[in-house]
Amino acid sequence: MKLLATQPALIALAVASALATQPVTANDESDKENKAQTQQNSAQQQDAELERIQVTGIRSAIKESLFLKQNATAVVDLVVADDIGKFPDENLAEALQRIPGVTITRNGGEGQNILIRGLGGGYNITTLNGRKLASDNAGRDFNFDTIASELVNVLAVYKSPEARLTEGGIGAIVDIQTRKPLDLDGFTLQASAKGIYESRTEDLHPHASLIIGDKSDDDSFGALFSAVYSKKTLRADTYSASGFFDEEEGWGVNSAGVPVDTNGNGVIDEGEIYASKIPSYMYYANAQDVRERIGGTLALQWRPLDNLDVNFDALYSPTIPMDTNTR
């Protein structure tokens with residue numbers, strides 16, 4: 001009888017324990033979910049308040065050029081501006097020299113023309129935003145010193161052909177890309193001015209640039225204008241001679257002799273005049289070239305739809321004759 005009385009008590013105790021345990025488990029799970037949600041919200045708030053570090057300058061330009069090269073469908077090398085109006089070099093030809101396989105020729109110390117993989121300007125094509133660019137030369141050779149580097153955003157050298165590119169570039173196609181207005185963050189105004197003093201010419205070389213652009217609030221229309229002015233004087237000191245005095249040609253001891261005190265007595269004795277080969281008609285000269293560069297660009301961009309982009313761009317870069325002064 002005692003056994004029969006104990007079994008119902010044990011069953012009742014087990015049922016009560018089970019009913020009491022279920023609410024506790026539900027409460028634990030709810031607490032865990034609330035805690036996880038709180039942690040997630042805190043992490044999102046920290047991410048929102050986290051200061052973002054953005055790398056600019058030469059490192060950013062190199063990173064962007066590598067990214068564009070990796071995602072290109074052709075063999076292409078690029079030189080990207082460090083920032084708005086800031087190119088690695090003041091001369092486009094010298095900037096292109098950074099690319100493998102590109103060598104340049106100089107005029108007065110400045111880079112002017114390029115050779116790509118050993119092929120000169122007659123085998124290369126230069127374009128501006130995909131359009132063929134005129135030059136002051138009779139052939140295809142383009143003088144890259146006529147365009148200021150502040151007017152350029154990207155220099156792309158396509159070493160393999162593409163259907164969308166201009167045909168005829170056996171060496172390569174060099175595309176000079178200017179900046180587009182809708183790529184700006186908003187209203188942009190940047191001006192710079194500097195002067196370089198040249199001790200040999202005793203001149204101050206001015207250099208100034210201006211970039212101003214803006215776009216609409218809905219990013220559908222933008223305008224960008226840039227201008228640059230520079231002037232410098234290049235000096236080249238030269239020496240030349242027409243020939244040499246030679247004893248075999250009649251210039252002997254009496255006509256072109258050189259006295260040498262061989263015995264060291266301080267007096268040129270008889271027999272101490274020797275015939276020698278020395279330059280004749282020697283003269284020194286210095287040539288100064290004054291180079292003035294004026295340039296400007298105007299770009300208008302209208303993008304009413306995501307799949308419709310209308311662009312207008314103009315480049316002004318006249319060829320100013322050099323003022324050469326030789327003395």
Side-chain angles (χ1 to χ4, degrees), residues 87-98 102-115 118 120-122 135-139 141-150 193-208 228-295 317-327:
F87 219 66
D89 300 275
E90 293 185 1
N91 185 287
L92 295 185
E94 295 174 359
L96 286 170
Q97 194 180 16
R98 298 170 176 262
V102 178
T103 56
I104 66 174
T105 60
R106 298 181 179 272
N107 182 11
E110 281 190 323
Q112 187 175 61
N113 305 115
I114 64 172
L115 294 88
S135 176
D136 53 351
N137 295 319
D141 207 1
F142 182 78
N143 294 338
F144 286 89
D145 58 347
T146 58
I147 300 179
S149 60
E150 288 86 353
K194 65 179 180 180
I196 301 176
Y197 178 76
E198 175 60 47
S199 60
R200 293 199 305 166
T201 60
E202 299 181 352
D203 289 336
L204 183 65
H205 302 164
H207 190 105
V228 64
Y229 172 80
S230 65
K231 183 179 180 180
K232 64 172 57 178
T233 302
L234 303 177
R235 172 174 170 171
D237 298 318
T238 60
Y239 158 81
S240 61
S242 299
F244 287 85
F245 292 113
D246 194 344
E247 184 179 9
E248 297 178 356
E249 298 177 356
W251 300 96
V253 174
N254 296 328
S255 57
V258 178
V260 180
D261 185 12
T262 55
N263 56 16
N265 61 358
V267 180
I268 302 298
D269 300 325
E270 185 179 357
E272 291 186 339
I273 297 179
Y274 302 91
S276 62
K277 295 181 179 180
I278 60 175
S280 63
Y281 305 108
M282 298 176 293
Y283 64 94
Y284 299 89
N286 80 60
Q288 298 186 12
D289 294 338
V290 180
R291 300 186 178 183
E292 189 176 15
R293 180 182 294 117
I294 301 175
S317 182
T319 302
I320 301 177
M322 293 184 300
D323 183 13
T324 303
N325 182 16
T326 304
R327 293 179 290 177

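Residue indices begin at 1 and follow the sequence shown.
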Original post:
How far does CG of N143 sit from OG1 of T105, to the nearest 0.5 angstrom?
Top reply: 8.5 Å

**OP:** With side chain to side chain contact (heavy atoms under 4.5 Å, CB included) as the test, would you mind laying out the steps for H205 and T233 before giving the verdict?
**Re:** CA-CA 7 Å; H205 302 164; T233 302; 3.9 Å; yes

Original post:
What heavy-atom pair brings R293 and I147 nearest, and what distance separates the two atoms?
Top reply: CD-C, 4.3 Å

**OP:** With side chain to side chain contact (heavy atoms under 4.5 Å, CB included) as the test, would you mind laying out the steps for H207 and V228 before giving the verdict?
**Re:** CA-CA 8 Å; H207 190 105; V228 64; 4.2 Å; yes

Original post:
Can you tell me if N113 uses its side chain to pair, donor with acceptor, with the backbone of F142 under 3.5 Å?
Top reply: yes

Original post:
What are the two closest non-hydrogen atoms of L96 and F144, and how far apart are they?
Top reply: CD1-CE2, 3.8 Å

Original post:
Taking all non-hydrogen atoms of both residues, which atom of N263 and which atom of D261 are closest, and how far apart?
Top reply: OD1-OD1, 2.7 Å

Original post:
Which heavy atom in A93 sits nearest to a heavy atom in G111, and how many Å separate them?
Top reply: CB-C, 3.7 Å

Subject >> Under 3.5 Å: donor-acceptor pair, side chain of S317, backbone of G295 >> reply: no

Original post:
So how far is it from D289 CG to L234 CG, rounded to the nearest 0.5 Å?
Top reply: 6.0 Å

**OP:** Write down the atom of Y197, the atom of L204, and the distance for their closest heavy-atom approach.
**Re:** N-CD1, 3.9 Å

